[in-house]
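For reference, the structure discussed in these notes is given below.
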Protein chains: 2
Amino acid sequence: MAPRKNTDGLARDAIVDRALALADAEGIDAVTIRRLGQEFGVTAMALYWHVKNKEDLLDAMGDDLWAGLTVPPADPQRPWHESLRLVVAQLVDALRRHPGSLSLAYRRVLVSPAGLDVTEYALGLLVGAGFDLRQAADLATSALQTAIMLVSSEPGAELGVPEEDHAAHLERKRAGLLQLPAERYPNVRGAAEFMLNCADPDGYYESGVALYVEGARAMLQLATV
Amino acid sequence: MAPRKNTDGLARDAIVDRALALADAEGIDAVTIRRLGQEFGVTAMALYWHVKNKEDLLDAMGDDLWAGLTVPPADPQRPWHESLRLVVAQLVDALRRHPGSLSLAYRRVLVSPAGLDVTEYALGLLVGAGFDLRQAADLATSALQTAIMLVSSEPGAELGVPEEDHAAHLERKRAGLLQLPAERYPNVRGAAEFMLNCADPDGYYESGVALYVEGARAMLQLATV
DNA sequence: ACCTGAACACCGTTCAAGT
DNA sequence: ACCTGAACACCGTTCAAGT
């Protein structure tokens, strides 16, 4: 509810947008009140007119992240696990758009309007499938965390490391793995390339989401038997 | 490999221990070179003799976290999914001991000796079960991330929020949820208590781990059919 | 309504200097 | 070998003052 009438000067939305872009480009630590002021050609203190403090800015960034999510329309024809798969996939897509701000997503789920909408949708889905409310709550939380974890641990992502050091950082890790004794770490050595580099991101996300959904289906079997 | 001969003065291990304790008590942001010096009754610069820089300190904290993990001895009698369940449960236990340093765990898995050992063990398990190396790599990563996510999103945990503000913070969130319109958010309102407070942590972790393991079993079915 | 200057209490880090 | 003092370039934030 901060004022944002000034159209040619600073604007809250513009600040939040820039902060998100900055986080994606250089990591969340690069998002600094002073740095943002610099980017807008203005003193750091100017930002405090549009933003209560840094925490308020980070919250707003988290809310914007959630706002990018479109909940698929409910369709009673679709099996529940298929709908569940769709929401989690949507979630993944929304998060992939702002990898630098992933850490802000979790604490705003139950606060931001868009976050509440997805949560309500997911809970409804799970309760409709036969879970009780506590199980549904746990599973909905897991759905969100699954999406966050998939994006933040996409092989080769190395979030937080500035773009430029990226290649060198990976190379160092690769070198470390390849000099491990082959007798003791045969599997780590064999799987090294898969853990360091994601050749097929879409496939990676697809099977990550499937792992969750199939787990949920199995849990329903166990719960209702 | 930093020197640590001085037994009565500072010591690298003592610094890392203190840093971990500090992170658990007041959050990772409270871990500061200057603050640590203060705790040891020494100037901030003194720490630089025992620690290369802050990144080095954080890495060491991450390694200590992994060192707390004991890999269960391989037992060919046990079904693979049971062994998998045990490792992930061990992982969860290790992480729960240092909730403040969770964020450091991921980047040290493939570097710290203990992290490499678990990874090798998990990969061996999965390959033995019938997954190919790429699937095993993805699943092992997911196992780790599942453990991290379960701990970091234990309802009511509110990591990063200082101990004292904890209750107030939760109360504020609860109030926010309960004033939502009941027609539009029936499930969120109904599940609010479950999402804000973990009445049964052991049950929570058990079913969280089960969700992952059952997912993995289902994936094996899909892969080998 | 919107922005600046000066100031304060914090960071991490370097480097010469002490013992 | 181990620690300190002084200094530098950064933070977030407040508050009086400008337009």
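Labels below follow one simple rule: chain letters A, B, ... track the order of the sequence lines, proteins then strands, and each chain is numbered from 1. Just so you know, these numbers use all the heavy atoms, side chains as well, and skip hydrogens, waters and symmetry mates.
In this structure, A/Glu193 does not pair ionically with B/Arg134, as no charged nitrogen and carboxylate oxygen lie closer than 4.0 Å.
For B/Arg108 (side chain) and B/Asp63 (main-chain N/O), no donor-acceptor pair under 3.5 Å exists by modelled atom type. No side-chain donor-acceptor contact under 3.5 Å links A/Arg34 to the backbone of A/Ala44.
Comparing atom distances between the B/Asn53 side chain and each of D/dG12, D/dA1, C/dT13 picks out C/dT13 as nearest. Considering only the side chain of B/Lys54, C/dG12 comes nearest among C/dG12, D/dC3, D/dT13. For B/Met45, the side-chain atoms get nearest to C/dT14 when compared with the rest of C/dC11, C/dT14, C/dA7.
Checking C/dT19 for Watson-Crick or G-U wobble geometry (two distances, each under 3.5 Å) identifies D/dA1 as its partner.
With the nearest nucleotide of DNA chain D identified for both A/Lys52 and A/Gln38, A/Gln38 has the one nearer the 5' end.
OP1 or OP2 of D/dA1 has not a single side-chain nitrogen or oxygen of B/His50 nearer than 4.0 Å. Put simply, B/Thr32 has a side-chain N or O that comes within less than 4.0 Å of OP1 or OP2 on C/dG12.
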Determine, step by step, whether A/Leu177 and A/Tyr185 satisfy the side chain to side chain contact (heavy atoms under 4.5 Å, CB included) criterion, reporting the C-alpha distance in whole Å, the side-chain angles of both residues, the deciding distance to 0.1 Å, and the verdict. CA-CA 9 Å; A/Leu177 290 185; A/Tyr185 298 101; over 6 Å; no
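Spacing between atom CG of A/Leu47 and atom P of D/dT14 amounts to 13 Å, rounded to whole angstrom units.
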